[in-house]
Protein chains: 2
Amino acid sequence: MASRLDRIDLKMLRLLQNSGRLSNAELAEMVGVSAATCHRRTQRLFDEGFITGVRALVAPRRVGKGALVMVGVVLDRSTPESFASFETAIARLKFVLDCHLVAGDFDYFLKIRVGDMEDFNRIHGEQLIALPGVRQTRTFFVMKEVVDNAPLEF
Amino acid sequence: MASRLDRIDLKMLRLLQNSGRLSNAELAEMVGVSAATCHRRTQRLFDEGFITGVRALVAPRRVGKGALVMVGVVLDRSTPESFASFETAIARLKFVLDCHLVAGDFDYFLKIRVGDMEDFNRIHGEQLIALPGVRQTRTFFVMKEVVDNAPLEF
DNA sequence: ACTGGCCATGGAAGAATCTTCCGAAAATAA
DNA sequence: TTATTTTCGGAAGATTCTTCCATGGCCAGT
């Protein structure tokens with residue numbers, strides 16, 4: 001199952017990453033193989049898990065989610081149970097885009113999208129500090145999104 | 001141009017966000033309109049900027065980018081020129097997935113994908129601290145990706 | 001070098017889909 | 001109500017998808 005990716009596969013991955021709606025015929029021509037081969041290879045990239053999904057990128061501001069906030073979280077205790085219950089709880093909060101367990105001054109880093117600061121303040125007070133085991137949080141409001149969710153380089 | 005989104009548009013956005021490769025016919029049936037109407041509405045969502053692109057999600061580990069690092073950056077000076085030159089320089093670094101200007105103890109927060117820690121150390125020494133105006137950086141290695149790049153809720 | 005097995009490839013063709021046109025229905029305004 | 005505008009779905013030609021099959025390349029073992 002640990003199959004390799006040749007130059008054509010990589011090219012297809014890069015093209016699909018930047019234009020996920022390319023038709024099979026277009027993709028085939030761009031990478032220089034027949035439509036049949038391209039179709040087979042694309043399907044393999046999906047089947048073997050190189051591509052985990054295809055997502056339309058929705059403009060946050062256009063759907064009322066123009067505010068971005070980074071939050072550092074410190075837990076009360078550093079036990080496996082404490083981590084586990086925090087992670088279970090946070091997976092239910094749909095406004096959390098990223099949640100990463102990190103090494104350093106914080107236990108977790110969160111990336112959150114909300115409508116505005118007022119929105120965030122309500123959520124912070126009602127949902128974030130109420131999460132199991134949270135000792136303190138540190139909020140970093142994003143003032144300018146220089147690069148957001150850039151495509152992966154490989 | 002500030003057109004509204006009705007219930008059908010929102011449904012289409014959510015469906016496309018989670019399955020960007022849905023065919024027009026499938027989408028039409030899911031939201032309960034004809035293929036012609038669905039096609040027109042989808043095109044409008046693109047033309048008017050509600051959908052900014054469609055991206056295949058590539059599994060980072062499968063392409064040798066399994067390590068994730070968060071980095072806080074502090075600049076020497078807080079002048080507009082200083083910020084501008086930093087932002088220009090960082091936009092060229094393809095391993096930077098996120099770069100956000102924040103309010104708080106840091107000036108910028110970065111989200112970076114690399115192959116492994118050794119890889120990051122080299123990049124940190126050769127490229128990050130060499131960026132214009134960087135006084136100090138604080139590195140948070142991600143030990144566990146609990147939620148990464150979740151779809152936007154709206 | 002020859003043989004046989006194993007894949008990956010491209011052509012072809014029926015099935016499915018896209019994309020546009022048009023008249024009808026619905027919404028809006030006067 | 002009437003006129004105007006907008007949105008809708010059916011229809012159909014053009015395009016695309018998806019699968020089947022025969023061909024050609026590659027490699028291991030004679």
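Within every chain, numbering begins at 1; the chains are lettered A, B, ... in the order of the sequence lines, protein sequences first and strands thereafter. Because the structure is predicted, anything quoted here is derived from the model rather than measured.
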| Pick the nucleotide of DNA chain D nearest each of A/R40 and A/N24; which residue has the one closer to the 5' end? | A/N24
| task | Specify the separation, in whole Å, of atom CZ of B/R21 and atom P of C/dC18. | result | 12 Å
| query | How many Å lie between CG on B/L22 and P on C/dC18, as a whole number? | reply | 10 Å
| task | Please state how far atom CZ in A/F46 lies from atom P in D/dT18, giving the value in whole angstrom units. | result | 11 Å
| query | So does B/D105 pair up with A/R138, basic N to acidic O under 4.0 Å? | reply | yes
| message | Under 4.0 Å from OP1 or OP2 of C/dT19: is there any side-chain N or O of B/H39 that close? | response | yes
| Spacing between B/R4 atom CZ and D/dT6 atom P, to the nearest angstrom | 17 Å
| task | Please determine if a side-chain N or O atom of A/R41 lies less than 4.0 Å away from the OP1 or OP2 oxygen of C/dT9. | result | yes
| field | Rounded interatomic separation in angstrom, taking CE from B/M12 and C1' from D/dT7 | value | 14 Å
| field | 5' precedence on DNA chain C between A/A36 and B/S23 (nearest-nucleotide basis) | value | A/A36
| Proximity to the side chain of A/Q43 - top-ranked nucleotide from D/dT19, C/dT17, D/dG9 | D/dT19
| Rounded interatomic separation in angstrom, taking CZ from A/R44 and C1' from D/dT19 | 19 Å
| Integer-rounded Å distance: D/dC8 P and B/I8 CD1 | 7 Å
| Below 4.5 Å, heavy atoms only, C-beta onward: do A/Y108 and A/H100 meet side chain to side chain? | no
| message | Taking the basic N atoms (NZ, or NE/NH1/NH2) and the acidic carboxylate oxygens, is any pair closer than 4.0 Å for A/K111 and A/D148? | response | yes
| Looking only at side-chain N and O atoms, does A/T37 come under 4.0 Å of OP1 or OP2 in C/dG10? | yes
| request: Give a yes or no on whether a salt bridge exists between A/R113 and A/E145, defined as a side-chain N under 4.0 angstrom from a carboxylate O. | output: yes
| request: Mind calculating the distance between CG (A/D9) and P (C/dC7) to the nearest angstrom? | output: 17 Å
| query | Should the pair A/D9-A/R14 be classified as a salt bridge under the 4.0 Å nitrogen-to-oxygen rule? | reply | no
